[in-house]
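Owing to the predicted nature of the structure, the values given are computational and were not obtained by experimental measurement. As the structure lists them, so they are numbered: ligands from 1, and atoms in each ligand from 1.
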Amino acid sequence: MSTAKQIRNGFIDFFKSKDHKFVPSSPIVPIGDESLLFANAGMNQFKDIFIGLVPPQYPRVANSQKCLRVSGKHNDLEEVGKDTYHHTFFEMLGNWSFDDYFKAEAIQWAWELLTDVWDIEPDRLWATVFGGDQADSLPEDTEAAKLWTKVTTISAEKVLAFGKKDNFWEMGETGPCGPCSEIHIDLGPEMCDMKNVPGHKCRVNSGCARYIELWNLVFIQFNRTSEGELLPLSARYVDTGAGLERIAAVLQNKKSNYDSDLFMPIIDYTSDITGHKYTSKLGSKTDNAFRVIADHIRSLVFAITDGAIPSNEGRGYVIRRILRRASRFGRELGMHEPFIYKLVPVVVDCLGDAFGEITERADYVSTVIESEEVSFGRTLDRGIEIFNTAAKRAQKSINKIINGEDAFRLYDTYGFPLDLTELMARERNLKVDTETFEKLMDQQRVRARAAQKFPSRATFGVEELPDTDDSSKYYTNSVEAKIIRWCDFEGCHKEGSVGIDHFGGQGRTHVDSDEDIALVLDQTCFYAESGGQTGDCGSITSNNANFVINRTEKLGNCVLHWGKLVEGRFSIGEKIKAVVWKDREATKKNHTATHLLQWALQDVLGKSVAQQGSYVGPDYLRFDFTYPKAPTTKELKKVEDLVREKIASDLPLTCVVMPRAEAEKLGAMALFGEKYGNEVRVVAIGAANEKLLEDAFSREFCGGTHCDNTGQIGGFKITKEESISAGVRRITALTGTGLNAYFEKASDIVDELSAMLKVPSEALVDRVGQLIKDNKKLSKELRAAAKTSGSDVMAEARQLLQKCEKIGETSIIIGRLQNTRIEQAREAVDMLKKKAKSAAIVLGFEDDDKATLLAGMTDDLIQKGLRAGDIVKAIAPIIDGGGGGRPQMAQAGGKEPKKINDALKKAAELIKENLLS
Ligand code: ATP
Ligand code: MG
């Protein structure tokens, strides 16, 4: 029996034998394609070839593409678990011809591989072709129909024609398109899941699970114009896709994809963790949970590896929804603690061979998943209760709809994505009022917007702005240019002048010297903020006016120099001189050092390190990256040393603009989720010129300004390493002037300490060590001394017991303690409990201007519903604080010692009320 790995390799080897080049899968999070959330077909990475934007590198290619179908045009999320063959994540095996072979070879080879190499009985296979569409003037694909019986052994009655919905592929409203031909397999009559549907007959495309699609061959031969006309393409393409999971199930003789070796290890391990058994039945609630979890963990591993992070929007929200669904299904298997992250290594075991990236980033992925599980786990159980109440209400209503307010509350307070609520509703044959839900969401968005402060960016549209030539930013710090616009926050002025005097004539021509305005020039050498690098500061001067720039931003392709008019008046059209301040040099050092840092981090910590964001300013640099745990001091030291070594070697930098594909081939690092055009700039460190890019040890996509060689950086020091969210670390570091200032300050501190402690600087460490030791010893002695005075506290407590009120056998011991600390007060409560047998105790005391309340209950009272935690929670607000604890003992701290007596009074009331009721 073939393993999935053998099947995948078999596919690729087969097409290699037909002169295809193997091309690795593109990332599941597409780089630089905002039109697509996730890769959903093998053709995604070749889209630009089909529309004629770039030439193909090879005429024939084959691969196994990572696909995720959970959003947009293809969304199979609802199918997952309910059927045996739709997944969110799956691998699409594909072969392509870029204006090389066409239908005959595509059909013949698919058939050969399925029936000859993989030995599927030809009798079980069916083919479909496009039957034409009159309304759309699409001709039927007689060519493919004829070829099927000509180049394969299939019989004519098993080649069926279908309409546009099933057998015509279009990329969008316009563009390349063409008929397709699918191969389906008959899994046998027992697989039909529509036996109860009146009039149902099992056949291809009838919706039942007996016939499933294995492989789709698309023949791209037309171009649809914006008038809707179909024109034949001069270059024709073949684009095919076959689901690995479906083929694996067939070749392994399994009834369900989940029974194949791509899923069973995950299901088995889930079974080990949860103690539940998987029985492979459709319609079983537990089995369904197993399938959903096995499916979802694969999606999570691949999407997070490729750069998606759970969040509240876009890609991140898709990932969050998948994870929260999986958590909810975990409850069906009795899992109330995080456990999904434990499945990561199993997925890596199954698929790490074919996709090395998931092995490299496994720890990081686990960390991210676990932290999401923890945070959702906090509200999930309570959310399920809320849902159950809402569902009960809906069941009683006539229209069986869960109201939108409930759905919104579940979303807003308990983190339930709408589709999770809908899914849970469907399980009970209920619907959700999504219209009201959306209305409430809109209202919330409006509220959020209203709460935002005045926008810091200009609010006018890009249409009003001209493009600025800013190419000189890479090589000069000053230019002579012409002012072509001046802007305030409302818009742009194309004519006239602007000044701090009042002599400008018509329209707005006066500004105050403290108002933020922007000047637009026909060309500039200013770097506008982007890619983490701050915008340049500087000045614009003419013969009679002076403008200080404190922020440079880019809107569209226009560079806006924001700042203040210090003196005089500028006219539109006037010649000026723009000068970037020296800060720029410091920024360059920090930027080049950031690249060195990223390289060194990958060298020391491995490929888990991927950039998440950065700040590069004149003052310091900050670099955020994925890594599952805190790097050790030793590792950080090594990183620092590596960067310093490269600085000391004084290596050259070369920046080149080149086609994106070429840069990717060079292995230049891109930022996840960043949008790149077809031309990119690559910054290569260690390469003396454009021809020697291969020599570079660091190559990054980057539009920033850099040093000419690493020696200019001068020095490097990491000043801070911290965690900023699950799996994401942040390093802050200094170079150049920032570093000098840092050392100066550090040395001043050392001098000051030496003077204070009266020892030379070399002896400081020993001296401070000694002081700490002494201090510890003294504290210990103090604590021991305090313990003796603890007997006073006990005496006070005993007095409270003697004077206390009693209800039946129960002593109600409430009162204040003088001069005590929490440890002693706790001991007092324990002592009182033992002495009184049945007691409700609440003590209050003041320490260091803070109020503390302490409550204790004996077990007999807890049984009556009197819990220390409840009492403390109820009275803590009185002392302006909070707290809680166990039923036996609880504690609260607050800022109002004056209110201790009030709180104690309230406690007495509550306790008596409870005991007397
Ligand atoms: P179906 O009708 O079964 O949903 P499809 O028409 O959406 O399939 P295509 O878009 O043509 O499928 O994708 C090509 C191949 O990818 C299919 O023939 C199938 O083998 C596989 N495939 C598609 N969607 C999924 C999925 N959700 N899970 C697993 N395999 C899939
Ligand atoms: Mg589909």
Q) What pairs with N196 under side chain to side chain contact (heavy atoms under 4.5 Å, CB included), at least two apart in sequence or on another chain? A) none
Q | Any L230 side-chain heavy atom under 4.5 Å of N223 side chain | A |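 The answer is no; the side chains never approach within 4.5 Å.
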Q.
Salt bridge or not between D99 and R236? Use side-chain N to carboxylate O under 4.0 Å.
A.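 R236 and D99: not salt-bridged.
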Q) For N40 and H74, which heavy atoms make the closest approach, and how far apart are they? A) ND2-CD2, 3.8 Å
Q | Donor-acceptor contact present, side-chain R60 to main-chain K18, <3.5 Å | A |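 Yes, because the side chain of R60 sits within donor-acceptor range (under 3.5 Å) of the backbone of K18.
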Q.
Apply salt bridge (Lys or Arg N to Asp or Glu O under 4.0 Å) to residues E422 and R325 and explain how you reach the verdict.
A. CA-CA 11 Å; E422 286 184 301; R325 268 172 90 104; over 6 Å; no
Q | Pocket residues of ligand 1, ordered first by chain and then by residue number (heavy-atom cut-off under 4.0 Å) | A |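 Lining ligand 1 at under 4.0 Å, by heavy atoms, one finds R69, H74, D76, Y85, H86, H87, F90, M92, E213, L214, W215, N216, G241, A242, G243, R246.
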